[in-house]
Amino acid sequence: MTMMNGGGYGQALRSMRRDESVVRERVAPGTVRRIAGYGRPYAAQIAAFLVLVVLDAGIVIANPLLIKSIIDDGVAQHRTGLVAGLAVAIAALAVVDALLGLAQRWYSARLGEGLIYDLRTEVFDHVQRMPVAFFMRAQTGALVSRLNTDVIGAQRALTTTLSSVVSNVISLVLVLGAMLVLSWQITLAALVLLPIFLLPAKYFARRLSKLTREQMQLDAEMSSVMTERFNVAGAMVAKLYGRPDEEAVTFAGRAARVRDVGITVAMFGTVFRLALGLVAALATALVYGVGGVLAVNGAFELGTLVALAALLMRLYGPLTGLSNVHVDVMTALVSFDRVFEVLDLKPMVAERPDARPVPGGPALVEFDDVRFRYPAASEVSLASLESVARPDSAPAQEVLSGVSFTAAPGELVALVGHSGAGKTTITSLVSRLYDVTEGAVRINGLDVRDATMAALRDTVGVVTQDAHLFHDTIGANLRYARPEATDEEIWEALRAAQIGDLVEALPEGLETVVGDRGYRLSGGEKQRLALARLLLKAPRVVVLDEATAHLDSESEAAVQQALKTALAGRTSLVIAHRLSTIRDADQILVVQDGRVVERGRHEELLAGGKVYAELYRTQFSGV
């Protein structure tokens with residue numbers, strides 16, 4: 001004879017495994033009100049769900065009372081018809097209980113999955129609108145955890161935790177009331193045994209929560225090792241520098257710790273289950289012993305004794321579940337709070353309510369006394385999303401100081417200078433990856449901060465030195481720039497980017513999967529695909545951030561040929577590492593320590609004999 005059904009035991013064990021330290025967490029004011037806001041669209045479904053939970057809890061006491069009537073009023077009185085009728089009633093209740101359980105699960109799934117969908121889509125939409133600075137600081141795994149672990153934890157607040165609390169309270173009240181009516185003496189005697197279980201259970205709860213935290217941490221560390229070793233870049237480093245035997249031993253050590261903790265958790269679970277069974281056996285023995293003596297002496301009937309024993313099995317489950325309900329509720333609230341923490345982080349770069357499209361026509365790019373400093377961590381990220389979070393004690397240094405220049409329509413402006421001079425920062429301001437601290441960046445007279453994001457993305461196209469391709473087909477990667485592009489337009493862009501012949505030669509053509517980050521392609525091929533994607537987008541302003549810096553001579557020649565097509569008739573800002581590639585630039589800006597220290601054409605700057613001439617001599621003469 002067991003004290004709780006399998007679901008009740010499992011629920012109690014999961015509750016015991018919760019981290020009790022969560023009750024010491026501080027939840028932001030208004031969290032409960034915000035949670036209610038997410039539940040409001042599902043109010044009718046929640047009400048129906050709770051009605052089903054209450055009805056199902058009511059069936060808990062029906063069966064034992066029907067059994068009492070069968071024994072006392074039917075069997076003892078030799079009333080065959082009553083026995084048959086009550087047996088049919090018990091069977092009917094079983095069918096109703098099954099249907100109620102099915103309906104509960106349907107509503108629970110609808111509510112839970114609906115809430116998960118709402119939260120996930122809202123968090124994803126919010127996060128992908130955050131500025132680049134946010135992603136430079138936030139740990140990817142922490143962000144994914146908010147979309148998975150915390151969102152699912154929040155979902156439990158409206159399904160598992162809510163139904164558990166309501167069901168346990170109703171069941172406890174009904175069962176305890178029925179037992180007290182049948183025999184208050186035996187009921188009190190049975191309750192005396194409760195501390196025998198609950199006190200050791202608290203110890204088990206602390207140990208299980210500690211072990212569960214350790215298990216989760218070890219799982220995360222093991223997953224981190226696998227993620228680092230199994231992506232293309234990590235696998236390449238491991239192949240070139242790693243030692244496979246040592247790697248295997250290290251991983252085996254981590255996996256062994258996961259195994260050992262898993263065994264310990266399993267044993268604690270078994271002991272917990274056996275403790276429940278032991279208390280159930282003791283309580284049942286007490287009921288049958290004391291109740292049997294009372295029944296023999298005529299204090300009450302045999303059916304009452306059987307009903308009390310059956311009700312007792314339904315008493316300890318709700319009591320155990322409610323003993324840790326504060327942990328369950330706080331776990332759900334903290335999960336919601338962690339999700340809200342991300343949603344409340346406002347993007348530093350956001351579209352203004354009165355934003356308008358970029359004026360049409362050939363693009364004129366202006367930098368007007370631009371000053372810029374990179375934002376501090378507290379301005380763009382959350383400490384909880386960073387693997388190693390340290391407060392920025394020193395104020396951020398100014399990266400750009402009074403940068404002013406104009407790129408006329410169709411003009412090619414080259415940015416040169418030593419690494420760290422501020423070239424990439426300048427180009428990032430054009431596409432509004434960051435906002436200026438002071439001054440303004442304008443396209444056709446419109447401050448980029450006043451432009452709609454969609455118009456700005458259509459106007460400005462960027463190719464970096466490490467072109468990123470998604471793990472998808474060539475066609476899908478190109479259509480990322482223009483989803484409505486036809487195959488003919490894609491092939492036209494590929495040919496203009498000097499890679500059409502190569503793609504045509506592939507067995508699957510546009511359906512060829514490029515692999516993780518495009519690693520199935522060479523560096524030159526990736527760059528030309530990135531240029532094809534740019535050409536398909538057809539922006540009026542092109543930004544090239546050292547697009548040929550890491551290419552061999554043959555690949556560079558092909559990319560340079562593609563660049564002539566990409567830049568033709570477009571206003572272009574080109575960061576150049578190899579000065580030979582920008583000799584024909586309409587204007588060369590020499591950037592040093594966040595300032596434009598020289599400007600002019602190639603010949604003029606060489607004749608000036610200053611910073612540019614020194615860079616040129618260093619690169620071509622090795623001096």
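Reckoned from all heavy atoms, side chains included, excluding hydrogens, waters and symmetry mates.
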Subject >> Rounded distance (nearest 0.5 Å) linking atom CG of D97 with atom CD1 of I90 >> reply: 13.0 Å
Original post:
Between L311 and A178, what is the shortest heavy-atom contact and its length?
Top reply: CD1-CB, 3.9 Å
Original post:
What pair of heavy atoms forms the shortest contact from P347 to R129, and how long is it?
Top reply: CB-O, 3.9 Å
**OP:** Start with the C-alpha gap between Q185 and V290, add the side-chain angles, then the distance that decides, and say whether side-chain contact (heavy atoms from CB on, under 4.5 Å) holds.
**Re:** CA-CA 9 Å; Q185 300 95 331; V290 176; over 6 Å; no
Original post:
Could you state the interatomic distance from CZ (F336) to CG (L119), rounded to the nearest 0.5 Å?
Top reply: 5.5 Å
Subject >> For I70 against A87, the heavy-atom pair lying closest together >> reply: CD1-N, 4.1 Å
Original post:
Where does the angle between the aromatic ring planes of H468 and F470 fall among parallel (under 30°), tilted (30 to 60°) and perpendicular (over 60°)?
Top reply: perpendicular
**OP:** Quick one: pull up CD1 in I186 and OH in Y288 and give me the separation to the nearest 0.5 Å.
**Re:** 11.0 Å
Original post:
Applying the side-chain contact (heavy atoms from CB on, under 4.5 Å) test to S167, which of L50, L172, V53 qualifies?
Top reply: V53
**OP:** Measure the spacing between CZ of R120 and CG of L115 and express it to the nearest 0.5 Å.
**Re:** 10.5 Å
Original post:
At their closest point, which heavy atom of A57 faces which heavy atom of L174, and how far apart are they?
Top reply: O-CD1, 3.9 Å
Original post:
Between D72 and R79, is the closest basic N to carboxylate O distance under 4.0 Å?
Top reply: no
Original post:
Would H471 and V513 count as a side-chain contact (heavy atoms from CB on, under 4.5 Å) if you check the C-alpha gap in whole Å, the side-chain angles of each, and the deciding distance to 0.1 Å?
Top reply: CA-CA 7 Å; H471 186 67; V513 177; 4.1 Å; yes
Subject >> Check: L478 and I474 side chains under 4.5 Å, non-hydrogen atoms >> reply: yes
Original post:
Would you say R479's side chain and A485's backbone share a donor-acceptor pair under 3.5 angstrom?
Top reply: yes
Original post:
Under the 3.5 angstrom rule, does the side chain of S108 hit a backbone N or O of Q104 as a donor-acceptor pair?
Top reply: no
Original post:
Between the side chain of Y42 and the main-chain N/O of G114, is any donor-acceptor distance below 3.5 Å?
Top reply: yes
Subject >> Pairwise distance CD1(I170) to CD1(I61) - rounded to 0.5 angstrom >> reply: 11.0 Å
Subject >> Over all atoms of both residues, closest heavy-atom pair of L52 and A103 >> reply: CD1-CB, 3.6 Å
**OP:** Indicate yes or no for a side-chain donor-acceptor contact from R254 to the backbone of T250 under 3.5 Å, with no hydrogens or angles considered.
**Re:** no
Original post:
Would you find a donor on one side and an acceptor on the other, under 3.5 Å apart, between the side chain of D125 and the backbone of T121?
Top reply: no
Original post:
Is there side-chain contact between K68 and V306, with heavy atoms separated by less than 4.5 Å?
Top reply: no
**OP:** Any chance you could lay out the side-chain contact (heavy atoms from CB on, under 4.5 Å) test for R34 and D344, step after step, and finish with the verdict?
**Re:** CA-CA 12 Å; R34 290 182 71 176; D344 290 340; 2.8 Å; yes
Original post:
Under 4.5 Å between any side-chain heavy atoms of L308 and L312, yes or no?
Top reply: no
**OP:** Inspect the surroundings of CZ in R257 and state if more than 12 heavy atoms from other residues, nucleotides or ligands are less than 6.0 Å away.
**Re:** no
Original post:
From D472 CG over to E511 CD, what is the distance, rounded to the nearest 0.5 angstrom?
Top reply: 9.0 Å
Original post:
Hey, does the side chain of N477 reach the backbone of T473 with a donor-acceptor pair shorter than 3.5 angstrom?
Top reply: yes
**OP:** Assign the ring pair Y38 / F340 to parallel, tilted or perpendicular, where the plane angle (0 to 90°) is split at 30° and 60°.
**Re:** parallel
Original post:
Under 4.5 Å between any side-chain heavy atoms of V342 and E122, yes or no?
Top reply: no
Original post:
Taking atom CZ of R457 as the centre, does the number of heavy atoms from other residues, nucleotides or ligands within less than 6.0 Å exceed 12?
Top reply: yes
Original post:
Where do L93 and A62 come nearest, in terms of heavy atoms and distance?
Top reply: CD1-CB, 3.5 Å
Original post:
What do the steps show when you test L99 against V95 for side-chain contact (heavy atoms from CB on, under 4.5 Å), and what is the final call?
Top reply: CA-CA 6 Å; L99 292 175; V95 173; 4.1 Å; yes
Original post:
Do T187 and L182 touch side chain to side chain, with heavy atoms closer than 4.5 Å?
Top reply: no
**OP:** Would you check if the side chain of S183 reaches a backbone N or O of M179 as a donor-acceptor pair within less than 3.5 Å?
**Re:** no
Original post:
Under 4.5 Å between any side-chain heavy atoms of R110 and W106, yes or no?
Top reply: yes
Original post:
Can you check whether H126 reaches M130 side chain to side chain, under 4.5 Å on heavy atoms?
Top reply: yes
